[in-house]
Amino acid sequence: NRVGLDIKSASEPADSDFAPGFAFLVPAMAAAVVADAGFFPISEVSSYHSKWVLKARVTAKGQLRSFNSRNGQAMQVFDCSLNDESGEIRASFFGDMAAKYFSLIEPGKVFTFSRGGCKIANRQYNRCNHRYELVFDRDGLVEPATDDGNIETVRFNFVDLRTVQSKTLPCSVDICGIIVKSRPFVAFTSKNGKELVKRDLTIADDTATSMEIAIWGDRAKQEDKVFEGNPVVCLKGISVKEFKGGRNGSLEQAGAMVFDSTLPDAERVRQWWKASGGQASFTSLSLAQEGVTDLATLQTKALPCTVELCGVVVNFKPSFAFTSQAGKDLVKREIVVADHTGLSMQVTLWGDRAQQEDKVFDGGALVLLQGVLVKEWNGGRSGSLLEAGSLIFSPTTPEAEKVRLWWSTGGSSQSLTALSQEGAGGASARLAAGRACSVAEMRRAAELVSTQPEVFCVISRLALVQMKKQGEIQPLMYMACQESKAGSSLPCNKRVGEDGFCPACGRAGKAAPRMNIRCRFSDHSDSAWLTTFHEAAQGVLGITAEQAMAIESGENGREALEAAIRRRYFQHPLQVSVRAKMDMYNGEQRTNITCFDARPVSYGQQGRTMLKSIKEMLEQQAKATLALSTAAA
């Protein structure tokens, strides 16, 4: 039998399984026997084969990394991708094997590999198509081999972008396409302090589909001209993940990028681009793929989300240029878009789209916005058109016709309900776009929330503030750092020590008191204890944190402060904005409910709301009475 074809057992064979004296052959003679028998194909590697010798080309090699084993021992590891005429497989080298072979193994060269182990591939780290992966951790043997040119330098398993659209994420694919757009590379520091270089490419193929792909390091730092002129590129090892409602790719470190390939797939894409692809409009996978979303549906979507909108421009502001906090020169314009649901929302345009003449937005312009990132802002919902998105005037889609008909038959004079809130930010300066409900309804709904936060608006009164906990006085304020965050004008707001030192900023600087209290709010239906932070706490108590600190440090101290707080109990109805979401606490899921805004009730607005509710109730009673009368007759 050829070496590796004996599948009787995965254990070591006994000497009696071989010809007499075989076990005593010196390594050179054993190698000669293997060479005469031929090499084991990568495609046949499995846990059933315990003895094999592979002849393969190294197509990719990772960095030498250090880690601590389970027993705390420092170890090294690196991995590489191996390719022969039958397939490809990943191999990992640990400990002494990593130190011994890291400098020997070079990408592009051919070696023989033997005396390794085999295990099921870990798809979290292994992007090769093979079911198994190789492990060399003890007695592995790697030797240079003759390169006869029969083994490909890179083996591709191409998938077209339309197929990527339906794949389960995350996934790893090989792509052949045209570079339709390239952005300059950018250098930045990651959250863990690592220096990185990145370039974003837009790749399209002959399915008229495109996707954003990020390349890194030296690949990204190549000259811009390499990516210009719509070259054909073959990319191996693209990690595809969900991003802002779409699908984005990232070229893995162990992947490959090949320009001007002569493979049949590359030639097919090249001919498509010359014939019609250069004038085609593409469906972008990197944008949300749900079609047009009306504003009524958007009102209930979990945020953030990326959507496609179609509507009429009912208002717009002039474009203006400014410099961002990062020193980048930007141009933006804010427009307000409305649709047939009677709702409107503000959308921000950037760059060249923002700089178009005012007249293109005037006169109720009908627009299709593809790739709008929607987030919570000032208690409402606002959108921003992504760079990868598109702005189309006078679209002719069925959705556009529906909006055009609505606008021309009364929509232009209709009163619109805005999803976006105007005005300055901050919890104390905004109205919450939350669901109106009672305390009891809020408590029931909060038990059903997920990790996506939900906002409720409750009309209630302050019933109690927690002054003590387990018999000990509970602090109602803390001193917070007021130094600006790095690269931002916003204050740090982290708790400082008694000496005024801020661990987050690494220095002692300006500090100010901030409130953090537990309040019990009550209405006719129930009561609820809510953690109430600074801005909301000041609204509830009717005093600032500085005033509270002055009272506490003055005559009668804490007793005077508690007396001032008790005078607020049940005095005035408050519009309380509550945020609820599911959090992890000590390894357990727990509903986190906080009050982030509190303000006096507008009696006029609340009166109108109550009158509307009474009217609806009377109408329902009248219908019920009529139904009973009809049934009796």
Side-chain angles (χ1 to χ4, degrees), residues 1-7 30-62 78-93 97 101 104-121 123 126-136 140-160 172-176 232-238 251-269:
N1 290 336
R2 288 197 305 164
V3 174
L5 294 183
D6 183 2
I7 61 172
V33 172
V34 172
D36 290 339
F39 297 101
F40 194 67
I42 284 177
S43 61
E44 300 297 322
V45 169
S46 74
S47 57
Y48 296 103
H49 304 285
S50 60
K51 294 290 183 177
W52 38 256
V53 177
L54 308 178
K55 181 179 179 181
R57 187 185 301 279
V58 179
T59 58
K61 175 182 157 185
F78 78 93
D79 58 78
C80 58
S81 297
L82 310 180
N83 183 39
D84 70 4
E85 295 175 73
S86 69
E88 62 179 347
I89 195 168
R90 170 183 161 129
S92 297
F93 292 77
M97 295 292 96
Y101 290 121
L104 172 68
I105 295 176
E106 296 182 31
K109 293 190 176 181
V110 178
F111 300 86
T112 59
F113 300 83
S114 58
R115 302 180 190 173
C118 177
K119 67 175 185 177
I120 298 291
R123 289 302 169 203
N126 188 343
R127 303 302 185 187
C128 287
N129 292 322
H130 208 292
R131 172 176 166 78
Y132 296 90
E133 60 185 51
L134 304 178
V135 177
F136 296 89
L141 179 63
V142 180
E143 296 178 318
T146 303
D147 186 355
D148 55 15
N150 292 330
I151 302 176
E152 297 173 333
T153 303
V154 182
R155 177 182 292 272
F156 290 101
N157 295 290
F158 290 122
V159 175
D160 64 62
S172 181
V173 296
D174 299 347
I175 292 171
C176 179
V232 177
V233 64
C234 298
L235 299 166
K236 180 176 182 61
I238 300 292
L251 182 59
E252 299 162 358
Q253 183 182 6
M257 180 170 65
V258 178
F259 288 92
D260 299 323
S261 171
T262 57
L263 291 173
D265 296 85
E267 188 59 33
R268 186 191 71 249
V269 171

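With sequence neighbours left out, the side-chain hydrogen bond (donor to acceptor under 3.5 Å, both in side chains) criterion links Asn150 to Asp148. Considering only residues two or more places apart in sequence or on other chains, Asn157 meets the side-chain hydrogen bond (donor to acceptor under 3.5 Å, both in side chains) condition with none of them. Under the side-chain hydrogen bond (donor to acceptor under 3.5 Å, both in side chains) criterion, Ser46 pairs with no residue, sequence neighbours left out. Listed by chain and residue number, nothing satisfies the side-chain hydrogen bond (donor to acceptor under 3.5 Å, both in side chains) test with Lys55 (two or more places apart in sequence, or in another chain). For Arg131, the side chain to side chain contact (heavy atoms under 4.5 Å, CB included) partners are Ile120, not counting sequence neighbours.
For Asp265 (side chain) and Arg268 (main-chain N/O), no donor-acceptor pair under 3.5 Å exists by modelled atom type. Between the Lys61 side chain and the Ile105 main chain, a donor and an acceptor come within less than 3.5 Å of each other. At least one donor-acceptor pair closer than 3.5 Å links the side chain of Asp84 to the backbone N or O of Ile42. At least one donor-acceptor pair closer than 3.5 Å links the side chain of Arg57 to the backbone N or O of Ile151.
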Which atom pairs, donor and acceptor, lie under 3.5 Å between side-chain atoms of residues 107-114 and protein residues at least two apart or in another chain?
{"unit_1": "Lys109", "atom_1": "NZ", "unit_2": "Glu106", "atom_2": "OE1", "d": "3.4"}
{"unit_1": "Thr112", "atom_1": "OG1", "unit_2": "Glu143", "atom_2": "O", "d": "3.4"}

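When all heavy atoms of Phe136 and Met97 are compared, the closest pair comes out as O-CB, 3.5 Å. In this structure, Cys176 and Val269 approach most closely via the heavy-atom pair O-CG2, 3.9 Å. Looking at every heavy atom in both residues, Gly149 comes nearest to Asp147 through N-OD1, 2.9 Å. The two residues Leu82 and Ala91 come nearest to each other via the heavy atoms CD1-CB, 4.0 Å. Contact record, Asp174 with Gly237: OD1-N, 3.0 Å, taken as the closest heavy-atom pair.
Considering CG of Leu54 and OG of Ser86, their distance stands at 8.5 Å, rounded to 0.5 Å. How far OH of Tyr101 is from CZ of Phe93: 8.0 Å, rounded to the nearest 0.5 Å.
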Show your reasoning for whether side-chain contact (heavy atoms from CB on, under 4.5 Å) applies to Ile238 and Glu252.
CA-CA 6 Å; Ile238 300 292; Glu252 299 162 358; over 6 Å; no

I would like to know whether Met257 and Val233 meet side-chain contact (heavy atoms from CB on, under 4.5 Å); could you show each step before the answer?
CA-CA 7 Å; Met257 180 170 65; Val233 64; 3.6 Å; yes

Steps toward side-chain contact (heavy atoms from CB on, under 4.5 Å) verdict (Phe158, Cys234):
CA-CA 9 Å; Phe158 290 122; Cys234 298; 3.7 Å; yes

Show your working on side-chain contact (heavy atoms from CB on, under 4.5 Å) between Lys119 and Glu133 and close with a plain yes or no.
CA-CA 6 Å; Lys119 67 175 185 177; Glu133 60 185 51; 2.9 Å; yes

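Side-chain atoms of Cys118 and Tyr48, non-hydrogen and from C-beta on, never get closer than 4.5 Å to each other. In this structure the side chain of Ser43 never reaches within 4.5 angstrom of the side chain of Val45, judged on heavy atoms. In this structure the side chain of Leu134 reaches within 4.5 angstrom of the side chain of Trp52, judged on heavy atoms. A heavy-atom distance below 4.5 Å is found between the side chains of Tyr132 and Ser47. Glu152 has its side chain out of reach of Thr59: every pair of non-hydrogen atoms, C-beta onward, lies at least 4.5 Å apart. Looking at heavy atoms from C-beta onward, Ile175 lies out of side-chain contact with Phe156 at the 4.5 angstrom threshold.
A donor and an acceptor atom, one from each side chain of Asn83 and Arg155, are located under 3.5 Å apart.
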